Amino acid sequence: MDAATGSPEARAPLPGLADPAQDTGIAAVADLLACPRCRAALQVWPEGIRCSGCSSRYPFHEGIPLLAIRGTSETWGQAQATEQSSAYQAEYQRVENAATYNLAYRDKLLKRSSTRREYELIARHIARVGRSRVILDLPCGGGRLTAAFAGSADLVIEADIALGQLLYGRAESAVATPRAWMTASAFHIPLRDQSVDGTVSVRLSHHLPTAAERERHLAELLRVSRRFVIMTFFDHHSLKNRLRQLRRPFDRQPPKMTMTTARVAEIARAHGARLVDAPPLSRIGSGHRYALIVRDAVPA
Ligand SMILES: C[S@@+](CC[C@H](N)C(=O)[O-])C[C@H]1O[C@@H](n2cnc3c(N)ncnc32)[C@H](O)[C@@H]1O
Ligand SMILES: [Zn+2]
């Protein structure tokens, strides 16, 4: 894979190439990139990334290309809802906040045991789809789950809307597989259609307050994935959600941000793919499901 070519400055070292085992730099995936605004090809230059279509420019921060478009449904031409996930997009921009989130997972017993189960579910799905050249992890957070699938790929793209998460993950998480890092919005993934083998997207859907956001997120994962998507969603029919609905008149807790398995399957079908499994993280303690969506050629 080649970065932009043709001029002497394009041959200068690209940011992020210092430690090839840990960070291959964006040059390694340059030919997979597409402008998050107009989807035209992107050219990687030492001083930043440039769109060949709309001329947008995307700078680097400490070697990480900033390809995230902030905002929600207004950015893809749908009416703005009162409740949207814009504030959540800002939550982990600072590396200190990212550290708090990731250390809580490392330290709290319940979270540690749910992470173990998450590793098992991911490993089970990955075993079914086989080896990959490139897997996109979006949102990667601080790289909590990367080790569950990185061994099955030649390269992992770690992406999150929050720069703080990426800086934290790049410093703290370790896998042997080469990785490239970028900020990216799950609503505007800066990659070409079907450019990666598959995508892993854990614990984002249930933070998205509107159906428009949840469905856009899944549609984008399906657009960029050639063979599979592993995505968590909060099951509308889970015991946890049922109980919450029953308690609602009394405790006035806001409703969970859910999807039904049927709707996930329907969106998969609309993109030429199939939902083949969606095991729950736990039948009682959690409403999350780990969906495995595949395109044909992967055994059902
Ligand atoms: C609960 S964390 C999950 C991270 C990781 N998958 C894990 O399980 O540890 C959710 C992440 O989504 C990121 N995020 C929020 N909105 C996003 C968006 N629109 N696009 C991409 N990432 C987003 C946040 O910055 C945060 O790191
Ligand atoms: Zn563009």
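Note that these values count all heavy atoms, side chains included, but never hydrogens, waters or copies made by symmetry. Bear in mind that the values here come from a model prediction, so they are computed numbers and not experimental data. For ligands, and for the atoms within them, numbers begin at 1 and follow the listed sequence.
Other residues, nucleotides and ligands place no more than 12 heavy atoms under 6.0 Å from the CZ atom of R106.
Side-chain contact check for S225 and T199: at least one donor-acceptor pair (N or O, by modelled atom type) lies under 3.5 Å. Side-chain N/O atoms of T210 and Q84 include no donor and acceptor closer than 3.5 Å.
Cation-pi geometry between R144 and Y105 is met: the NZ or CZ atom falls under 6.0 Å from the ring centre, inside 45° of the normal.
A side-chain contact (heavy atoms from CB on, under 4.5 Å) with L136 is found for one member of L32, L155, I189, V156 and no other, namely I189.
Taking 4.5 Å as the limit, some side-chain heavy atom of C35 sits within range of a side-chain heavy atom of C54. The side-chain heavy atoms of R179 and W181, taken from C-beta on, include a pair separated by under 4.5 Å.
For ligand 1, the protein residues placed under 4.0 Å by at least one non-hydrogen atom are Y88, Q89, Y92, Y101, L138, P139, C140, G141, R144, L145, D160, I161, A162, Q165, A184, S185, A186, F187, V202, R203, L204, H207.
Listed by chain and number, the protein N, O or S atoms at a distance under 2.8 Å from the Zn ion (ligand 2) are C35 SG, C38 SG, C51 SG, C54 SG.
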Report task. Before giving the answer on salt bridge (Lys or Arg N to Asp or Glu O under 4.0 Å), spell out for E213 and R216 the whole-Å C-alpha distance, their side-chain angles and the decisive distance to 0.1 Å. Result -> CA-CA 5 Å; E213 290 181 331; R216 168 80 181 197; over 6 Å; no
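Using cut-offs of 30° and 60° for the angle between ring planes, the H288 and H206 rings count as perpendicular.
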